[in-house]
Protein chains: 2
Amino acid sequence: MLPPSDDRLPMHARLRDALASRIAALEWASGEAIPSEQELAKAYGVSTSTMRKSIEHLVREGLLERKQGVGTFVRRPSFDGSLFRWFNFEDASTGGGRTVPESRLIEREVMDATPEIASGLRLPEGAKVVRVLRLRLWAGKPVICEDLYLPHPLFEPFVTMDEHEIGPLLYPVYERAFGQVVTSVEDELSLGQADVVKARLLEVKTGDPLIVVERTSFGTNGTPIDWRRAYGRSDRFRYRVRLT
Amino acid sequence: MLPPSDDRLPMHARLRDALASRIAALEWASGEAIPSEQELAKAYGVSTSTMRKSIEHLVREGLLERKQGVGTFVRRPSFDGSLFRWFNFEDASTGGGRTVPESRLIEREVMDATPEIASGLRLPEGAKVVRVLRLRLWAGKPVICEDLYLPHPLFEPFVTMDEHEIGPLLYPVYERAFGQVVTSVEDELSLGQADVVKARLLEVKTGDPLIVVERTSFGTNGTPIDWRRAYGRSDRFRYRVRLT
DNA sequence: AAGTGGTCTAGACCACCGA
DNA sequence: CGGTGGTCTAGACCACTTC
């Protein structure tokens, strides 16, 4: 039942992994309730307190949501509103209104990593990567254009996947199709300029200032899963973050 | 012992508040160990598990740090090196080298809050605030210029404090002189332009693009402590953050 | 060896929600 | 009302660090 977990890990950590993979395997739909603490505790042969700790862990990670008196629910990023957990992007032109982001894949290919990409993904120089050029739109208007890189052997199938199968968010795809769960990200923001391609996609003039977000996302074991450089239109894009 | 806490709150929440205020009151120095779980549990007349939960809460908030087999330690931003905990600023021109940021207070005054400032500090409209105009330099070169606002009655003395007494970081001052411990911040980044004053201070041309960081910092009880709008030179300033 | 935090148990009772 | 999660207890044993 818990094959990928290390036996030396504490029970609650193994339970967390077990539940996480059941969630990743879509055993329960988004928003659906999982079995109660007591049922799960009995099923896994642990005390309710231990099961509780695992569930609390998953709640902190954003995979589950608890409602007192009701149950524990799967909370997966999707269209249904609230959360893009690490997508602290906001549409400045609509005052941060909650519009659904759209995603268009412009290019997908396998290429040799430049030194910059290799270092971002902690890959040896000369490794191959999957490159994705993507445009993101809010309310039909282009907001962000991003160059995105994935380690090659593993993510090769991504190049030919059906765009509809991919959808507007990539992290769920990494999880569903490649078994990679993103657990943390590192962002670095600076100022850049639109080159010809980005200017055309974002509908601005070449040379216009853009907000640049360089992001590395990390998996459960701390290895990078993707590295991207996103260019945001300064009039439509704000980046928000809460640090504790 | 726990006067500001609501009696209807769960015990672990009240304990958290009690410990937080003892930490804020500098009962233990930075890096110093607090009493063990069992001592604290006995002192407050609760079970170790309950005390444990309070401590775990404070660890998640970043006020404490636990080391197995050693103890639980106060973890507070300070001058002693490594951390500008929420200062994810980096000097782009020196490749992120560790230089000490310098701070110059340009103006300090009491003024009426604009609606924008009032909303940032969650104050009623028309409240008074302390305004600070500050320039921050890396390696002697101007990098960030910030407008900063503090709630008035409490921070009034800040206006006339000796600049040497204040030093390059404000959060420690809030703590030392006003008993306010910053536990979390919320940042929002966008793009702006240099007005005449900022252009002069930052040594750029009027109208040059600048990175704008709007930051609200929050205290232990979740109320805002300061609100600021920082303007960073795009060639010397990067903003970095890790999200877990 | 002594003391710390980390894990885990097997309960009890409460607060909340929905039928 | 019954079932859910939320709180709290009073322990036991383990893993780790320090002396």
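Everything quoted here is computed from the prediction, not taken from an experiment.
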**OP:** Give me the first and last nucleotide of DNA chain C, going 5' to 3', that has any atom under 4.0 Å from a heavy atom of chain B.
**Re:** C:dG3 to C:dT7
**OP:** Would you please classify the geometry between the B:Tyr174 ring and the B:Phe155 ring as parallel, tilted or perpendicular, with 30° and 60° separating the classes?
**Re:** perpendicular
Original post:
Which part of the nucleic acid, if any, lies within contact of B:Glu56, taking any heavy atom under 4.0 Å across all strands shown: a base, the sugar-phosphate backbone alone, or nothing?
Top reply: nothing
Original post:
Any chance the side chains of B:Tyr239 and A:Asp187 put a donor and an acceptor closer than 3.5 Å?
Top reply: no
Original post:
Just by protein heavy atoms under 4.0 Å, how would nucleotides 14-19 of chain D read 5' to 3' in B, S and -?
Top reply: -BBB--
Original post:
Quick one: on DNA chain C, does B:Gly71 or B:Ser49 contact a more 5' nucleotide (nearest heavy atom)?
Top reply: B:Gly71
Subject >> Evaluation steps, side chain to side chain donor-acceptor pair (under 3.5 Å), between B:Thr223 and B:Arg122 >> reply: CA-CA 8 Å; B:Thr223 57; B:Arg122 316 273 199 275; over 6 Å; no
Subject >> Selection residues 64-73 of chain B - residue pairs positive for salt bridge (Lys or Arg N to Asp or Glu O under 4.0 Å), sequence neighbours left out >> reply: B:Glu37-B:Arg66
Subject >> side-chain contact (heavy atoms from CB on, under 4.5 Å) partners for B:Ala33, two or more places apart >> reply: B:Phe73
Original post:
For B:Ser36, which contact category applies under a 4.0 Å heavy-atom criterion: base, sugar-phosphate, or nothing?
Top reply: sugar-phosphate
Original post:
Excluding sequence neighbours, so at least two apart, what forms salt bridge (charged side-chain N to carboxylate O under 4.0 Å, His left out) with A:Glu116?
Top reply: A:Arg229
Original post:
Sequence neighbours excluded, which residues qualify as ring-ring contact (aromatic ring centres under 6.0 Å, His included) partners of A:Phe158?
Top reply: none
Original post:
Expressed in angstrom and rounded to an integer, what is the separation of A:Lys53 atom NZ from D:dG5 atom P?
Top reply: 19 Å
Subject >> Whole angstrom value for the distance that separates P of D:dT4 from CD of A:Glu65 >> reply: 18 Å
**OP:** Using whole Å, report how far CD of A:Glu39 lies from C1' of D:dG3.
**Re:** 10 Å
**OP:** Before giving the answer on side chain to side chain contact (heavy atoms under 4.5 Å, CB included), spell out for B:Val46 and B:His12 the whole-Å C-alpha distance, their side-chain angles and the decisive distance to 0.1 Å.
**Re:** CA-CA 9 Å; B:Val46 298; B:His12 65 82; over 6 Å; no
